[in-house]
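Read through the structure below, which is laid out as structure tokens, and then see the notes.
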Amino acid sequence: MITPTTPTDPLVEVLATRLRLIDLVAWQRIATWAEQSELSFEDLRLLLALALKTDDGPAAVSELADLAGFSLDVAYPAIHRLRGRGYLREERRQYALNREGQELVAMLDGAHREGIQAYVDQLSPDETRRLDAAFGIAR
């Protein structure tokens, strides 16, 4: 059996460490928001899949299940819960976010950005300057 190796590139290591911290803070906010919105983990994953499909129009449950990374047995109840709560529209057995669903996803994006902001807020001025320089941000 071959054991996968991890990259030894210093940039990869630095980004992996930072992204792990950013993800932790951001997903804490998302998890709290999901609990307050009474969304299950499956509902949340399906919302993210639907958000990816927004520009492509309605999608079949099988496509959304693939995007969300779970089986049809899990996808159908989540679709029915989200539709029952008024977040989806159905067109010929295909689903898309309606206005309320789009607003819900916008709130999800807001929770994610709040988490990233919380991470950025704890950076030292020197770290902020280095990241600004690394990403070519002019303030």
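Computed over heavy atoms, backbone and side chain alike; hydrogens, waters and symmetry mates excluded. This is a predicted model, so every value here is computed, not measured.
- Contact detail for Ala49 and Leu64: the closest heavy-atom pair is CB-O, 3.8 Å.
- Shortest non-hydrogen contact noted between Tyr95 and Arg83 is CE2-CD, 3.8 Å.
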Might you work through the side-chain contact (heavy atoms from CB on, under 4.5 Å) test for Trp33 and Leu44, ending with a clear yes or no? CA-CA 10 Å; Trp33 170 83; Leu44 181 59; 3.9 Å; yes
Give every donor-acceptor pair under 3.5 Å between a side-chain atom in residues 20-30 and any protein atom, sequence neighbours left out.
none

Report task. Could you check Leu39 against Arg85 for side-chain contact (heavy atoms from CB on, under 4.5 Å), going step by step and ending with a plain yes or no? Result -> CA-CA 10 Å; Leu39 296 169; Arg85 292 183 66 186; 3.4 Å; yes
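- Pairing each heavy atom of Ala75 with each of Leu46, the nearest pair is O-CD2, 4.0 Å.
- Under the 4.5 Å side-chain heavy-atom criterion for ILVMFWY residues, a single connected hydrophobic cluster contains both Val105 and Leu48.
- Neither Leu67 nor Leu82 shares a network with the other; the hydrophobic side chains, linked directly or stepwise wherever heavy atoms of I, L, V, M, F, W or Y lie under 4.5 Å apart, form separate groups for each.
- Residue pairs satisfying the side-chain hydrogen bond (donor to acceptor under 3.5 Å, both in side chains) criterion with at least one member in residues 59-82, sequence neighbours excluded, are listed as follows: Ser40-Arg81, Asp43-Arg81, Lys53-Glu63.
- Minimum heavy-atom separation, Leu50 to Ala96: CD2-CA, 4.1 Å.
- In this structure, CZ in Arg99 is found 5.0 Å from CD in Glu103, a value given to the nearest 0.5 Å.
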Sequence neighbours excluded and cut-off under 3.5 Å, please list the side-chain donor-acceptor pairs for residues 119-126, or say none.
residue: Tyr119; atom: OH; partner: Arg18; partner atom: NH1; Å: 2.9
residue: Asp121; atom: OD1; partner: Gln117; partner atom: NE2; Å: 2.6
residue: Gln122; atom: NE2; partner: Tyr119; partner atom: O; Å: 3.0
residue: Ser124; atom: OG; partner: Glu127; partner atom: N; Å: 3.1
residue: Ser124; atom: OG; partner: Glu127; partner atom: OE1; Å: 3.4
residue: Asp126; atom: OD2; partner: Arg130; partner atom: NE; Å: 3.4

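- The cluster map of Ile, Leu, Val, Met, Phe, Trp and Tyr, joined by side-chain heavy atoms under 4.5 Å apart, puts Leu72 and Leu47 in the same cluster.
- Between Arg89 and Pro58 the shortest heavy-atom distance is NH1-CG, 3.8 Å.
- Leu104 CG to Gln102 CD: the interatomic distance, rounded to the nearest 0.5 Å, is 11.0 Å.
- By the criterion of side-chain heavy atoms lying less than 4.5 angstrom apart, applied directly or through intervening Ile, Leu, Val, Met, Phe, Trp or Tyr residues, Leu131 is grouped together with Ile116 in one hydrophobic cluster.
- Contact of the Leu97 side chain with the Leu88 side chain is registered, since non-hydrogen atoms from C-beta on lie closer than 4.5 Å.
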